[in-house]
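Everything on this sheet refers to the single structure shown next.
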Amino acid sequence: MGIITPKITDPDFPLLRHYAQRVVARKPLTHFLDNVPPGIEPHPDPISFGGGMPNRGVFPVDSIVLNLREKPFQANSHTKQDFLDLLLFPGNDLGKTLDDLKPKGTYTNQVSGITLARTVITEESGSVAEPFALKDALQYQGADGFTYLKKFTRELIERLHKPARDDWSTCFVNGAGDGLNKIFSLFVDPGDTVLVEEFTFKPTVWSIEDLGGKTFPVELDIEKDGIDVDKLEYLLDNWAAQAPGRNKPKVLYTISTGQNPTGLTQTAEHRKRIYAICQKHDLIIVEDDPYAYLILPPFDADFRDKKLPFDGLSVQDYIDKFLHTSYLNIDTDGRVVRSETFSKMIAPGVRFGFVAANKHIINQLTQLTMLGSKFSSGLTATVVNSTIQYWGGVDGYLNWGIELSKLYSYRKNIYFEAFHQSECFKKGRISLIDASAGMFITIVLNYPSTNKKKYSELMAELNVLTYKNGIIVVPAGTTLALNNEIAEKKGNIIRTTFVYASNDDAEILEAAHRIDKSINELFEQNGW
Ligand code: PMP
């Protein structure tokens with residue numbers, strides 16, 4: 001069991017003053033082993049009759065064979081009809097049974113098998129090859145367990161971001177959603193203000209509001225690289241006048257790379273300025289970075305004649321030329337909390353991610369895990385770990401990032417090409433945000449200046465048209481706007497993504513066609 005003794009005050013780390021009252025009030029959670037006074041020698045061969053851990057001999061799972069793909073879409077691609085379609089279009093399941101929806105044919109995709117066994121005995125040494133051992137995956141763990149995977153997260157952060165301070169650590173969470181929910185619960189008391197990008201990933205807002213926190217919008221500059229830094233500075237320098245009666249913000253929540261929904265990515269220069277402003281105004285920065293490894297070069301109309309910049313790219317060049325460095329790198333105070341997830345790199349269903357931050361903050365997050373799930377799923381951790389080890393650790397993980405970047409860059413190119421040839425584009429009805437990372441291509445609707453309707457009304461009209469035309473997009477202007485005022489006055493954007501399409505161009509082209517049709521109908525029914 002991990003022994004965790006969080007400190008609530010530390011003269012060397014004054015940022016702990018930002019903790020919410022419930023965190024300060026929480027008694028440190030300890031296991032029975034923590035009660036032994038320090039300095040006592042343990043018995044060399046103890047017998048445990050203490051913990052409620054069943055002997056692993058009673059676990060029915062003996063081994064699991066993990067078949068991995070060497071490339072995305074190798075061997076079998078996703079079929080168009082699956083469960084998500086059923087959720088989105090409830091009418092589509094008429095007459096279908098679960099059996100109808102199962103992939104047809106026999107599964108023969110024996111690509112590369114790793115056996116996840118209880119213990120793996122290597123031929124040479126006869127020793128246990130721990131990384132793939134199921135025995136630990138099935139057993140209780142400490143909340144800060146999974147040593148091998150933890151080493152991977154440390155190496156990844158160290159290699160890509162080189163944190164400015166040494167006193168940082170990582171902990172596992174059940175996906176970024178869980179991580180963010182826990183992070184905000186450390187800092188938000190009822191009435192506290194959290195600054196949030198004006199269009200954002202709404203589930204994080206739900207977490208903040210559930211804690212009684214109040215969000216306040218930070219303006220984005222779509223022409224530039226995300227947060228409008230001058231406006232952020234002005235807002236905080238003039239807070240009392242800008243936000244009368246509101247508590248001064250404690251936290252900034254930002255999706256720094258491939259922002260959801262706009263696809264914008266902050267430059268290094270922007271990050272430095274934003275950090276300095278947060279330092280001046282004493283804000284914690286929550287950096288949510290699920291799209292860090294999905295890089296999209298600018299659309300190039302001649303892409304068919306050219307190689308993608310990723311072809312033959314070394315991992316080091318991918319890091320140096322394409323990946324963005326975390327706020328941790330410039331964080332001399334320990335005010336940055338970075339959230340990562342395996343959802344986009346491996347699969348959302350693994351429900352696994354990690355947080356990197358100052359060790360005090362990591363200790364508190366670990367305490368929250370002890371209050372809830374106790375530790376992340378060992379089976380998931382083992383599948384994630386085995387996949388990464390099989391790929392070859394950090395280098396292999398990043399190579400997979402290159403593969404996904406290649407796939408998505410190709411999709412982006414054909415999607416953009418389709419729009420460039422579309423009626424709505426040619427008539428100037430839309431512009432596209434050329435996202436440099438992530439999964440989202442945001443379409444900006446260029447309404448004429450004669451328009452008298454609220455943008456949210458137009459979004460509602462478009463929603464009906466896209467529904468009828470059989471294309472699901474997110475009217476980001478309403479769904480992902482932080483509040484109604486933003487939706488009404490600035491919400492002329494829709495979020496689209498090509499990541500769910502099957503592996504042929506036709507579906508992406510058809511999607512672009514249906515979006516084009518819906519937008520033209522919207523303009524025409526408004527007499528434009
Ligand atoms: N943050 C952002 C910005 C996201 O877009 C998402 C998922 N779409 C999440 C967090 C949640 O990710 P996870 O699947 O790891 O919970």
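Counting convention: from 1, in listed order, for ligands and their atoms alike.
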| Within residues 472-491 or reaching into it, pairs that qualify as side chain to side chain donor-acceptor pair (under 3.5 Å) - sequence neighbours excluded | Glu198-Lys490, Glu219-Lys490, Glu485-Lys489
Give every pair formed by an N or O atom of ligand 1 and a protein N or O atom closer than 3.5 Å, one pair per line with both atom names and the distance to 0.1 Å, or write none.
from     : atom 1 : to     : atom 2 : distance (Å)
ligand 1 : 1 (N)  : Asp288 : OD1    : 3.4
ligand 1 : 1 (N)  : Asp288 : OD2    : 2.5
ligand 1 : 5 (O)  : Asn260 : ND2    : 2.9
ligand 1 : 5 (O)  : Tyr291 : OH     : 2.5
ligand 1 : 8 (N)  : Tyr291 : OH     : 3.4
ligand 1 : 8 (N)  : Lys344 : NZ     : 3.0
ligand 1 : 14 (O) : Ser343 : OG     : 2.7
ligand 1 : 14 (O) : Arg351 : NH2    : 2.5
ligand 1 : 15 (O) : Ala176 : N      : 2.6
ligand 1 : 15 (O) : Thr341 : OG1    : 2.6
ligand 1 : 15 (O) : Ser343 : OG     : 3.2
ligand 1 : 16 (O) : Ala176 : N      : 3.2
ligand 1 : 16 (O) : Gly177 : N      : 2.8
ligand 1 : 16 (O) : Arg351 : NH1    : 3.3
ligand 1 : 16 (O) : Arg351 : NH2    : 3.3

| field | Under the salt bridge (Lys or Arg N to Asp or Glu O under 4.0 Å) test, residues paired with Lys248 that sit two or more places apart | value | none
| note | Sorted by chain and residue number, the salt bridge (Lys or Arg N to Asp or Glu O under 4.0 Å) partners of Lys71 (sequence neighbours excluded) come out as Glu403
| message | Surrounding NZ of Lys406 (heavy atoms of other residues, nucleotides or ligands, distance under 6.0 Å), is the total greater than 12? | response | yes
| Polar side-chain atom of Arg22 near backbone of Ser185 as donor-acceptor pair, under 3.5 Å | yes
| query | Is there a salt bridge (charged side-chain N to carboxylate O under 4.0 Å, His left out) between Arg514 and Glu510 once you walk through the steps? | reply | CA-CA 6 Å; Arg514 292 183 192 186; Glu510 179 60 21; 2.7 Å; yes
